[in-house]
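Here's the structure we're looking at; comments come further down.
Quick note on labels: first sequence line is chain A, next is B, and so on, each numbered from 1. Just so you know, these numbers use all the heavy atoms, side chains as well, and skip hydrogens, waters and symmetry mates.
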Amino acid sequence: MPELPEVETIATNLREGRVGQPSLIGRSILKARLLWERTLAAPSPTEFYSWLPGQVFQAIRRRGKFIVFELSQYTLLVHLRMSGDLLVESDDAPIAPHHRLLIDLDGGLRLAFNDARKFGRVWLTAEPDSVLGALGPEPLDESFTAQDLHQALHARQRQLKPLLLDQSFLAGLGNIYADEALHLAKLHPLTLSNRLTPEQSERLWLSIRHVLQEGIQRNGASIDWVYRGGDYQHFFKVYQRTGNPCYNCGTPIERLVVGQRGTHFCPTCQPLH
DNA sequence: CACGAGACCTGTTCGC
DNA sequence: TGCGAACAGGTCTCGT
């Protein structure tokens, strides 16, 4: 499901609370229960169950597509992959289909990890860098400049689309926002990274930041049953618009498969040179 | 190093 | 209506 804007929205809601749902900050954990063991990437279930009770939520943030829960002594990391979601619910609510992990909290609450496709993963560790360390830069960070992007693009020779999806190159972009950013930047998804001029790199940098910021502003995109609450799907320019006219030039949007991912682009606005 | 295929999973939609 | 194929917001591993 989620890319950077959706993960950001979920993390913000858990940190700040939303209507009818309190913040998790300051809450303590009573116990945890795994309903699908493979959801837990590390440590062992035995360690997981013994480390969590008594831990208090100190901070909640996002890094790439990971949700980072800073607890008293450990860090809980959650990656939602394709279909994961995190819900705060009453601890006596019926266990919904696809719940994979329940964490009981004080105050009669429960944090539930729901994940139909079972791809999502959870880590509990004292060394979060052991999981997050390989991630590339945060695209919205002040320290990430157009020059940085240009230099990184020229350090490799790869097709732009798969490179933008590579989380060690840049953290947080997924299939939707990569397609939207490339369209806004007027770059073909198969363009080789080291062929971009400084001007093209800057356009890509601006476009990536633009689509991510707009996504966050609209609480992410909700394109099917998996994620709710976002609006950005109404503003897609190419994603899932195959055959529909480009808003710039009227040419039908085309779809091709790149790195096994559906890829949407305008052949006129995004020519392959 | 770059790339493609297969794996991990379940649910929904599409095409005949 | 029914049924299999195709597809889905992600990432890992393996072979070339």
Roughly how many Å apart are C/dA5 and B/dG6, using the P atom of each and rounding to a whole number? 16 Å
Between C/dG9 and B/dA2, how far apart are the P atoms? Round to whole Å, please. 24 Å
Can you check whether A/Phe236 and A/Tyr177 have ring centres sitting under 6.0 Å from each other? no
Does B/dC8 have A/Phe119 stacked on its base, where the ring centres are within less than 5.5 Å and the planes differ by under 30°? yes
Among C/dT11, B/dC9, B/dG11, the one nearest A/Arg81 by side-chain distance: C/dT11
Test applied, side-chain hydrogen bond (donor to acceptor under 3.5 Å, both in side chains); reference residue, A/Asn114; option that passes from A/Arg100, A/His99, A/His98: A/His99
Which residue lies more 5' along DNA chain C, comparing A/His79 with A/Gln240 via nearest heavy atoms: A/Gln240
Just wondering, do A/Phe113 and A/Asp85 contact through their side chains at under 4.5 Å, heavy atoms? no
Nearest to the side chain of A/Gln159 - B/dC9, B/dC3, C/dG9? B/dC3
Sugar-phosphate, base or nothing in reach of A/Arg121, heavy atoms under 4.0 Å: nothing
Do A/His210 and A/Leu206 have side chains that approach each other closer than 4.5 Å (heavy atoms only, starting at C-beta)? no
Quick check for you: among C/dG9, B/dT12, B/dA2, whose closest atom lies nearest to any side-chain atom of A/Ile176? C/dG9
For B/dC9, which nucleotide is its Watson-Crick or G-U wobble mate, given both distances must be under 3.5 Å? none
Euclidean distance for P, B/dC9 against C/dG2 (whole angstrom): 30 Å
Identify whether any heavy atom of A/Gln260 sits under 4.0 Å from a base atom; if not, whether one sits that close to sugar-phosphate; answer base, sugar-phosphate or nothing. base
Judged by nearest nucleotide, the residue sitting upstream toward the 5' end of DNA chain B, A/Arg117 or A/Leu192, is A/Leu192
Under 4.0 Å between any heavy atoms, over every strand shown, what does A/Asp224 touch: base, sugar-phosphate, or nothing? Just pick one. base
Taking for each residue the nucleotide of DNA chain C bearing the nearest heavy atom, is the 5' side occupied by A/Gln167 or by A/Arg255? A/Arg255
Hey, are A/Arg33 and A/Asp104 close enough for a salt bridge, meaning a charged N less than 4.0 Å from a carboxylate O? no
